Amino acid sequence: MTLRLGYGTNGLTDLRLDDALGLLADLGYDGVGLTLDHMHLDPLAPDVAARTRHVARRLGALGLGVTVETGARYVLDPRRKHGPSLLDPDPEARAARTALLVRAVDIAAELGAHAVHCFSGIAPPGTGAGPDTGVGTGAGARADAGTGTTAAGTTAAAATATATAWHRLTDALGPVLDAATRAGIPLAIEPEPGHLLATLADFHHLRTLLGDPDALGLTLDIGHCQCLEPAPPTTCVDEAAPWLRHVQIEDMRRGVHEHLPFGDGEIDFPPVLDALAATGYDGLTVVELPRHSHAGPDLARSSLGFLRDAAARTTRNEVTAPC
């Protein structure tokens, strides 16, 4: 299969969006992971419809595919990172996040995106999950396999609080999944270290709670697999295949949630790319380096070269030829 590579705009925040898209096209990328944020297609701007049409024309002219990503840190609240979340105790605050995701689906439809990315958020204190420590805290991380009991020291009250968090998540996602169904664009939720939905097991828990809706898919971050999944990244790719709708990729170390440039972590990438090829996944595989905008253009260039070299050492992958 041909590996379709993209780069995330959350790693190019020092560039104007038109310039960032032009850079990626010139380098030879196939697409972009477009984070809706104040500096790059602000979803709350009064002229967002006109701006979206402009971006759609720009993407088309450059021949770039797109995934819409929704991980902007302060787009809704200038004081709380990723706040409010889908798990906020305040129903109106949760509704604000839901409305943002519904708008993201509408923007994605206008752009011709192949998926909309989202995540659960960190459960607030008292609802069963801890801070972003790089260790899973969701249902899959807390359950003691085969016993039906929670992890050591977890009280019945804490288990009830965790159930409350999952209820909030499923309730808040309902309108977003309805919008995704109408648009024909999958909602690809990402297991995120430290969040309620932190692992692949948590994703399957959510699927079960929601009744396995067709519109719900998975964003698989390869680095997160290395960070906290019990299985290696290649096995994670194999197991995620039926639900794979978006892929993010970067290097990472075991137990440390830090997105690293390729070669700075522990991942062996040729087998991972082989595993992706075996799934038949034909969406974008997007480089995710959100804390490296200061070196964005250089890292976009070197990341593409690294992944092309890694793909050349696999048995299944082809890559788009350099421009």
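Just so you know, these numbers come straight off a predicted model, no measurement behind them. The chain is numbered in sequence order, starting from 1.
The salt bridge (Lys or Arg N to Asp or Glu O under 4.0 Å) contacts involving residues 234-246 comprise nothing, where partners must be two or more places apart or lie in separate chains. For the ring-ring contact (aromatic ring centres under 6.0 Å, His included) condition, the pairs that include at least one residue of residues 58-97, sequence neighbours left out, are His82-Phe119. The side-chain hydrogen bond (donor to acceptor under 3.5 Å, both in side chains) analysis of residues 108-117, with sequence neighbours excluded, yields the pairs Thr67-His114, His117-Glu190. Sorted by first and then second residue, the pairs that involve residues 225-237 and meet side-chain hydrogen bond (donor to acceptor under 3.5 Å, both in side chains), not counting sequence neighbours, are Gln226-Glu266. Within the structure, the salt bridge (Lys or Arg N to Asp or Glu O under 4.0 Å) test picks out the following pairs touching residues 294-305 (sequence neighbours left out): Asp298-Arg301.
Grouping Ile, Leu, Val, Met, Phe, Trp and Tyr by side-chain contacts under 4.5 Å, direct or through others, puts Val75 with Leu44, Leu76, Leu100.
When atom types are taken as modelled, the side chain of Arg97 and the backbone of Pro84 share a donor-acceptor pair closer than 3.5 angstrom. At least one donor-acceptor pair closer than 3.5 Å links the side chain of Ser85 to the backbone N or O of Leu87. No side-chain donor-acceptor contact under 3.5 Å links His246 to the backbone of Thr219. Between the side chain of Asp221 and the main chain of His224, a donor-acceptor pair closer than 3.5 Å is present. Judged purely by atom type and a 3.5 angstrom limit, Thr13 has no side-chain atom pairing as donor or acceptor with the backbone of Thr9. Between the side chain of Thr199 and the backbone N or O of Asp202 there is at least one donor-acceptor pair closer than 3.5 Å. Tyr29 contributes a side-chain N or O that, together with a main-chain N or O of Ala300, makes up a donor-acceptor pair within less than 3.5 Å. The closest donor-acceptor contact from the side chain of Thr170 to the backbone of Leu210 lies at 3.5 Å or more, if one exists at all. Between the side chain of Asp264 and the backbone N or O of Asp251 there is no donor-acceptor pair closer than 3.5 Å. Without hydrogens or angle criteria, Ser293 side chain to Leu12 main chain gives a donor-acceptor distance under 3.5 Å.
Follow the hydrophobic side-chain contacts under 4.5 Å out from Met252 and you never reach Phe262; the two are in separate clusters.
Residues satisfying the side chain to side chain donor-acceptor pair (under 3.5 Å) criterion with Asp90, sequence neighbours excluded, are absent altogether. Judged as a side chain to side chain donor-acceptor pair (under 3.5 Å), and not counting sequence neighbours, His292 has no contacts. For Arg253, there are no salt bridge (charged side-chain N to carboxylate O under 4.0 Å, His left out) partners, not counting sequence neighbours. The side-chain contact (heavy atoms from CB on, under 4.5 Å) search around Pro89 returns Pro124, Arg168, not counting sequence neighbours. Applying the side-chain contact (heavy atoms from CB on, under 4.5 Å) criterion to Arg79, with sequence neighbours excluded, gives Asp77.
For the pair Asp178/Val102, no side-chain contact is recorded, criterion being any heavy-atom separation below 4.5 Å from C-beta on. With contacts defined as side-chain heavy-atom distances shorter than 4.5 Å, the pair Asp30/Leu64 does not qualify. At least one side-chain heavy atom of Leu304 sits under 4.5 Å from a side-chain heavy atom of Leu5. Contact annotation: the side chain of Leu86 never approaches that of Ser120 to less than 4.5 Å [non-hydrogen atoms, C-beta and beyond]. Taking 4.5 Å as the limit, some side-chain heavy atom of Leu15 sits within range of a side-chain heavy atom of Pro297.
The distance from the CG atom of Asp274 to the CG atom of Leu3 is 10.5 Å, given to the nearest 0.5 Å. Distance check: Leu276 CG to Leu244 CG gives 6.5 Å after rounding to the nearest 0.5 Å. The CG atom of Leu220 lies 4.0 Å from the SG atom of Cys225; values are rounded to the nearest 0.5 Å. In this structure, the separation between CH2 on Trp166 and CG on Leu169 is 6.0 Å, given to the nearest 0.5 Å. Taken from CD in Gln248 to OG1 in Thr285, the straight-line distance is 10.5 Å, to the nearest 0.5 Å. Rounded to the nearest 0.5 angstrom, Asp88 CG and Ile122 CD1 are separated by 12.5 Å.
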Requested in this report: Starting from the C-alpha separation in whole Å, work towards a yes-or-no answer on side-chain contact (heavy atoms from CB on, under 4.5 Å) for Ile222 and Val237.
Outcome: CA-CA 8 Å; Ile222 301 302; Val237 170; 3.8 Å; yes
Requested in this report: Please test Arg207 against Asp212 for salt bridge (Lys or Arg N to Asp or Glu O under 4.0 Å), starting from the C-alpha separation and ending with a verdict.
Outcome: CA-CA 5 Å; Arg207 282 199 312 112; Asp212 199 14; 2.9 Å; yes
Query - Full working for side-chain contact (heavy atoms from CB on, under 4.5 Å) between Leu34 and Leu17 - result: CA-CA 9 Å; Leu34 175 56; Leu17 182 55; 3.8 Å; yes
Query raised in the report: Checking side-chain contact (heavy atoms from CB on, under 4.5 Å) for the pair Val286/Ile249: CA distance, chi angles, key distance, verdict?
Result: CA-CA 6 Å; Val286 172; Ile249 194 166; over 6 Å; no
Query raised in the report: Is there a side-chain contact (heavy atoms from CB on, under 4.5 Å) between Tyr7 and Ser303 once you walk through the steps?
Result: CA-CA 9 Å; Tyr7 199 91; Ser303 295; 4.1 Å; yes
Without placing hydrogens or testing angles, list every side-chain donor-acceptor pair under 3.5 Å for residues 54-63, not counting sequence neighbours.
residue : atom : partner : partner atom : Å
His54   : NE2  : Asp18   : OD1          : 3.2
His54   : NE2  : Asp18   : OD2          : 3.0
Arg58   : NH2  : Asp18   : O            : 3.0

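Within a 6.0 Å radius of CZ in Arg254, other residues, nucleotides and ligands contribute more than 12 heavy atoms. For Asp214, the CG atom is loosely surrounded, since the number of other residues' heavy atoms within 6.0 Å does not exceed 12.
A perpendicular orientation is assigned to the rings of Phe203 and Trp243, their planes being inclined by more than 60° (bins at 30° and 60°).
In summary, of the residues considered (His40, Arg73, Glu288, Arg291), a side chain to side chain donor-acceptor pair (under 3.5 Å) with Asn10 occurs for Glu288 alone.
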